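Remarks on the structure that follows.
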Amino acid sequence: MQQPTVRVVRQTRSSLIAFAVSIALLVAVASMPLWASQGLIRDVVELCCYVTVAQMWNLLAGYGGLVSVGQQAFVGVAAYAMFVMAQLWGLNPFLAVPLSVIVPAVVAAITYGLLHRLDGPYFAIGTWVVAEVLRLATSVFGYVNAGAGMSLRVMSSYSPMERAVGISLLSALMLLVAVGGSYLLLRSRYGLALVAIRDNPVAAASQGVNVGLLKFLIWVAAAVGTGLAGAIYFMAQLRITPPAAYSPTWANVSIFIVMVGGLGSLEGVLIGALVYFVADRWFAQYGATYLVVLGLLTLVMALFARGGLWGLIQKVTNASWFPTRRILLEDKP
C-alpha cells in the first residue's frame with residue numbers, strides 16, 4: 001500500500017488582513033503632520049520606539065535564546081552618535097539618524113566577543129555591565145559635555161512642520177524595518193533556524209545550523225534596531241543625558257511588553273506595547289506603586305500565562321496576524 005506523503009507549508013491565515021492593516025497604520029504614522037497635533041505626534045513616536053525596542057528584545061530572547069537586560073547600551077550609543085553628528089559635526093540630523101546605527105552595530109560586534117562566552121543569567125548580567133560601563137564612560141567624556149548632557153539646538157533651524165514630517169517618516173520607516181523585517185526574517189529559513197536554536201541549540205547544530213554565527217547576527221541586528229529607536233526617541237526629545245540614554249527603564253519596558261504581550265510572537269509585542277503605553281499614560285502619576293503593579297503583572301503572566309495576552313487570544317480564536325509557523329500536512333495517496 002502506498003504510504004502518504006508529508007509536506008511542510010507556511011501558515012498563511014489572516015496574513016492578507018494583517019498586511020492591509022499594517023500598510024494603513026504605516027501610512028497613518030507617516031502622514032501624521034497632516035492630521036495630528038504636536039502632542040499626539042510625540043506620543044505616537046514614543047509608542048513606535050517602544051514597539052521597536054521590544055521587538056528587538058523579542059528577537060533576542062524569544063527566538064535567539066539571548067536574554068539581555070542591557071539593551072539600553074545601544075539606545076545610548078546610537079542617540080549620542082546622532083547628537084554628535086548633527087550638533088557637533090553639522091550633519092543633517094535626519095541623515096544622522098540612520099547613520100547613527102553604525103555605532104551600536106560596532107559596539108555589539110565587539111561586546112559579543114566577550115559576552116558569547118557567558119550563558120544564561122551570566123550573559124544577562126554581562127549585558128547590564130556593558131551598559132553601565134558605557135554610561136559611566138559617557139558621563140566623564142568631555143567631548144559630549146559629560147554628565148551635563150547635550151541639546152539638539154540644530155533642530156531650531158527647521159520649522160515645526162519640517163520637524164514633524166521628518167520624524168514621522170523616520171518613525172514609519174523604523175516600524176517597517178522592525179516589524180516588517182522581523183516578519184520576513186521569521187518566514188525565511190533563517191527564522192526556522194532561530195526557532196530551532198531557541199528550542200534546542202544542540203539539536204539545531206546537529207542539523208547543520210551555524211548556531212554561533214546566527215546568534216551573533218541576531219545580536220547585531222537587534223542592536224541596530226534598538227539604536228535606531230534610541231536615535232529617533234531622543235531626536236524627538238531634543239535633549240539627552242547619560243542617565244536618560246542608558247536608563248535601565250529601556251530594558252524593563254521591553255521585558256514587560258514582551259512578557260505581557262507574548263514571548264516569541266510579533267502580535268504579542270504590539271499588544272504589550274499598547275498595554276504599557278496606556279498604563280503609562282493613565283497610572284504613571286502613582287509613581288513606585290504603578291511600577292510595582294507592572295512588575296507583579298509581568299510575574300503573573302510568566303507564571304500562569306507564558307504565551308502572554310496573545311497566547312490567551314489564540315486559544316479562543318486560533319488566529320494569527322503575522323503567521324510565521326510551519327504546518328505539517330499529510331497528503332493521502
Side-chain angles (χ1 to χ4, degrees), residues 42-43 45-58 60-61 67-84 87 97 100-101 103-104 107-108 111 115 124-141 144-152 167 171 174 178 222-260 269 272-273 275-277 279-281 283-295 297-298:
R42 285 194 298 271
D43 287 343
V45 169
E46 185 176 343
L47 177 59
C48 292
C49 292
Y50 289 153
V51 169
T52 301
V53 175
Q55 176 54 30
M56 295 303 101
W57 193 87
N58 188 38
L60 285 176
V67 179
S68 169
V69 293
Q71 290 304 96
Q72 61 269 24
F74 306 121
V75 172
V77 295
Y80 264 101
M82 185 273 292
F83 269 67
V84 168
Q87 186 62 40
V97 168
S100 67
V101 302
V103 179
V107 171
T111 55
L115 294 174
I125 294 172
T127 61
W128 177 79
V129 171
V130 168
E132 282 299 292
V133 168
L134 290 172
R135 181 186 65 82
L136 293 173
T138 306
S139 299
V140 298
F141 190 33
V144 294
N145 207 23
M150 300 176 65
S151 296
L152 199 61
I167 203 164
S171 297
M174 176 177 63
V224 169
T226 303
L228 179 61
I232 292 176
Y233 178 85
F234 283 100
M235 168 180 274
Q237 300 297 316
L238 299 177
R239 177 153 181 83
I240 189 172
T241 61
Y246 298 99
S247 172
T249 300
W250 287 104
N252 299 339
V253 168
S254 300
I255 294 171
F256 173 84
I257 289 173
V258 174
M259 295 302 296
V260 171
V269 170
V275 170
Y276 173 78
F277 185 77
D280 184 63
R281 290 299 183 273
F283 305 114
Q285 58 181 319
Y286 297 105
T289 303
Y290 148 76
L291 296 176
V292 170
V293 171
L294 291 184
L297 178 59
T298 305

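Every value quoted in this text rests on a predicted model; they were computed, and no experiment measured them.
In this structure, the separation between CE on Met235 and CE on Met82 is 5.0 Å, given to the nearest 0.5 Å. Taking CD from Gln71 and OG1 from Thr226, the interatomic distance works out to 4.5 Å, rounded to the nearest 0.5 Å. Here Ser254 contributes atom OG and Gln72 contributes atom CD; the two are 9.0 Å apart, rounded to the nearest 0.5 Å. A distance of 11.5 Å separates CG in Asn145 from OG in Ser139, rounded to the nearest 0.5 Å. Within the model, atoms CG of Leu228 and SG of Cys49 stand 8.0 Å from one another, a figure rounded to the nearest 0.5 Å.
The two residues Leu152 and Gln87 make their nearest non-hydrogen contact at C-OE1, 3.5 Å. Across every non-hydrogen atom of Ile167 and Ile232, the tightest pair is CD1-O, 3.9 Å. Between Gly227 and Pro104 the shortest heavy-atom distance is CA-CG, 4.1 Å. Across all non-hydrogen atoms, the minimal contact from Leu60 to Ser68 is CD1-CB, 4.3 Å. In terms of heavy atoms, Val67 sits closest to Ala61 at CG2-CB, 4.3 Å.
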key: CA sep, side-chain torsions, deciding dist, call: Thr298, Val260, side-chain contact (heavy atoms from CB on, under 4.5 Å)   = CA-CA 6 Å; Thr298 305; Val260 171; 4.3 Å; yes
task = Could you walk me through whether Val253 and Val53 pass side-chain contact (heavy atoms from CB on, under 4.5 Å), step by step?
result = CA-CA 9 Å; Val253 168; Val53 175; over 6 Å; no
request  = Check step by step if side chain to side chain donor-acceptor pair (under 3.5 Å) holds for Gln55 and Thr52.
outcome  = CA-CA 5 Å; Gln55 176 54 30; Thr52 301; over 6 Å; no
inquiry  = Between Val51 and Met174, does the side-chain contact (heavy atoms from CB on, under 4.5 Å) criterion hold? Intermediate values first, please.
reply    = CA-CA 10 Å; Val51 169; Met174 176 177 63; over 6 Å; no
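Contact of the Phe74 side chain with the Val107 side chain is registered, since non-hydrogen atoms from C-beta on lie closer than 4.5 Å. By the 4.5 Å heavy-atom criterion applied to side chains, Phe283 and Leu294 are not counted as neighbours. Looking at heavy atoms from C-beta onward, Ile255 lies in side-chain contact with Trp57 at the 4.5 angstrom threshold. Residues Val69 and Pro248 form no side-chain contact, since every pair of their non-hydrogen atoms from C-beta on lies 4.5 Å or further apart. Side chains of Glu132 and Val129 form no contact here, defined as non-hydrogen atoms less than 4.5 Å apart. A 4.5 Å side-chain heavy-atom check between Tyr80 and Pro242 finds at least one atom pair inside the cut-off. By the 4.5 Å heavy-atom criterion applied to side chains, Val144 and Phe83 are not counted as neighbours. In this structure, the side chains of Thr127 and Leu115 come closer than 4.5 Å at one or more pairs of heavy atoms.
Sorted by first and then second residue, the pairs that involve residues 231-243 and meet side-chain hydrogen bond (donor to acceptor under 3.5 Å, both in side chains), not counting sequence neighbours, are Ser151-Arg239. A side-chain hydrogen bond (donor to acceptor under 3.5 Å, both in side chains) check over residues 242-252, counting only residues at least two apart or in different chains, returns the pairs Thr138-Tyr246, Ser247-Thr249.
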